[in-house]
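Below is one structure, written out as structure tokens; the observations come after it.
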Amino acid sequence: MTAADAQRALGGSGPLSSTESEPGSCQVRLGGWDPGAGTTLILMPVDRSPRFPFDQGVWHISGNAPVLVGSRTAGAVDRRGGWVLLPDSCREAVPQANEDERLTLRATVLHGDGDPAGLARVLESAARGLVEQHGCAGPNAVTVGEPSSASPAAATDFGTVCGLDGFTLPQPHGGTVVERVSGSRDGDGWFCDLAFSHDSSEGSFARFAIVRHPALATALSNTRFPRARCGGRDTYFAWDENDYWSPEKRANAGFPAKKDLSEAFRTAARKALRCT
């Protein structure tokens, strides 16, 4: 990556220092020379579970953050860092990765906030460098598009949840529910998160996704989530509750059962996309 790319990713200008540790990993620090001073960016190839980024209860892509689904390489970024998927043929670029694990390049920002668009460019540059270094894929194997920014939090209309016509739910008791959306229903990925506005520390209590991007769809291929042909493309409908609801909390809030929640989303999404 260039110095300008690193400065943009770290959200400022000033002197840079860098070090390399494990193979393929590096650390870049902006604006400070003493240990712990200055905003720091760490880049590291990491192996993840076969279901990444849709690990049950811990999604790593959602409506709460900018997503990278507009080009060949999928990923996500926010002010604390981000990740992109690496080509499956580049297993040697990720030390000790098992055959069924997913290959990623992870960026972590410490002691400050990063710039999501700048982080996307650095992830692309660094991933291309790994591919070239190992000679494990062609020159166009890594292409990262512009981040699709998450919408501001807005009060949920329970007659049209997540702006999806026909997606209706009973309004939970206990406070105002807000939603955030990223991506596009007409593109390779669309994501929506629901959360109580007064309970931000608990995070989202429900997440929904419409997934077409081939690299993301691979993670859903052996799951319970339904697949359909929509606009001539394979499309998955996924949802997760982020380990938020205990049975007691669900009952007290009047939130629908898992089966009813998933059916309401799947039916509305299929109709909106005119799936067969």
Side-chain angles (χ1 to χ4, degrees), residues 51 53-67 69 76 78 148-212 216-217 219-220 223-231 234-276:
R51 273 194 58 171
F54 299 106
D55 300 286
Q56 186 172 351
V58 194
W59 279 18
H60 300 273
I61 188 168
S62 74
N64 274 330
V67 297
V69 293
D78 60 23
S148 175
S149 297
S151 66
T156 296
D157 177 353
F158 281 88
T160 313
V161 178
C162 297
L164 190 61
D165 289 341
F167 187 19
T168 63
L169 294 174
Q171 183 168 352
H173 314 307
T176 300
V177 174
V178 296
E179 64 189 36
R180 298 189 71 189
V181 176
S182 60
S184 168
R185 292 203 306 262
D186 298 325
D188 277 357
W190 172 91
F191 306 87
C192 179
D193 283 32
L194 303 182
F196 287 109
S197 60
H198 68 278
D199 204 10
S200 58
S201 63
E202 291 289 334
S204 305
F205 65 76
R207 289 174 168 167
F208 305 95
I210 298 172
V211 178
R212 288 190 176 112
L216 296 178
L220 301 172
T223 67
R224 71 186 189 280
F225 297 120
R227 180 180 66 179
R229 291 290 289 180
C230 309
D234 283 343
T235 304
Y236 282 91
F237 307 107
W239 56 87
D240 189 82
E241 297 187 347
N242 206 26
D243 290 340
Y244 182 92
W245 297 108
S246 66
E248 296 79 12
K249 183 183 283 190
R250 192 182 208 103
N252 290 337
F255 199 60
K258 289 184 178 182
K259 181 182 69 173
D260 298 329
L261 175 67
S262 61
E263 180 63 20
F265 170 60
R266 183 189 67 82
T267 300
R270 284 180 62 98
K271 184 176 180 180
L273 273 63
R274 298 181 177 88
C275 303
T276 57

Problem - Sequence neighbours excluded - disulfide bond (SG atoms under 2.5 Å apart) pairs with any residue from residues 158-196 - result: C162-C192
Problem - T235: partners by side chain to side chain contact (heavy atoms under 4.5 Å, CB included), with sequence neighbours left out - result: I210, R212, C230, F237, L273
Handout entry: Contacts of F191 that satisfy ring-ring contact (aromatic ring centres under 6.0 Å, His included) - sequence neighbours left out
Key = none
Exercise for the section: For residues P256 and P170, determine if any side-chain heavy atom of one lies less than 4.5 Å from a side-chain heavy atom of the other. Expected result: yes
Practice task
On the 0 to 90° scale, with breaks at 30° and 60°, tag the F167-F208 ring pair as parallel, tilted or perpendicular.
Solution key: perpendicular
Exercise for the section: Would you please name every residue forming a salt bridge (Lys or Arg N to Asp or Glu O under 4.0 Å) with R250, sequence neighbours left out? Expected result: E241
Practice task
Quick one: list whatever passes ring-ring contact (aromatic ring centres under 6.0 Å, His included) with W245, sequence neighbours left out.
Solution key: F205, F255
Practice task
Check ring-ring contact (aromatic ring centres under 6.0 Å, His included) between W59 and all other residues, then give those that pass, not counting sequence neighbours.
Solution key: F54
Practice task
Using the test salt bridge (Lys or Arg N to Asp or Glu O under 4.0 Å), find all partners of R229 that sit at least two apart in sequence or belong to another chain.
Solution key: D234
Exercise for the section: Output all residues satisfying ring-ring contact (aromatic ring centres under 6.0 Å, His included) with F225, sequence neighbours left out; order by chain, then residue number. Expected result: W239
Practice task
Would you list the pairs meeting salt bridge (charged side-chain N to carboxylate O under 4.0 Å, His left out) in which at least one residue belongs to residues 173-198, sequence neighbours left out?
Solution key: D188-R233, D193-R207
Problem - By salt bridge (Lys or Arg N to Asp or Glu O under 4.0 Å) - contacts of D78 (at least two apart) - result: R80
Handout entry: Residue pairs involving residues 251-263 (criterion side chain to side chain donor-acceptor pair (under 3.5 Å); sequence neighbours excluded)
Key = E263-R266, E263-T267
Practice task
Taking all non-hydrogen atoms of both residues into account, name the closest pair between A269 and C275 and its distance.
Solution key: O-SG, 4.4 Å
Practice task
Report the distance from atom CZ of F265 to atom CG of L164, rounding to the nearest 0.5 Å.
Solution key: 6.5 Å
Practice task
Under the side chain to side chain contact (heavy atoms under 4.5 Å, CB included) rule, collect the residues that match up with T160, sequence neighbours excluded.
Solution key: D157, D165
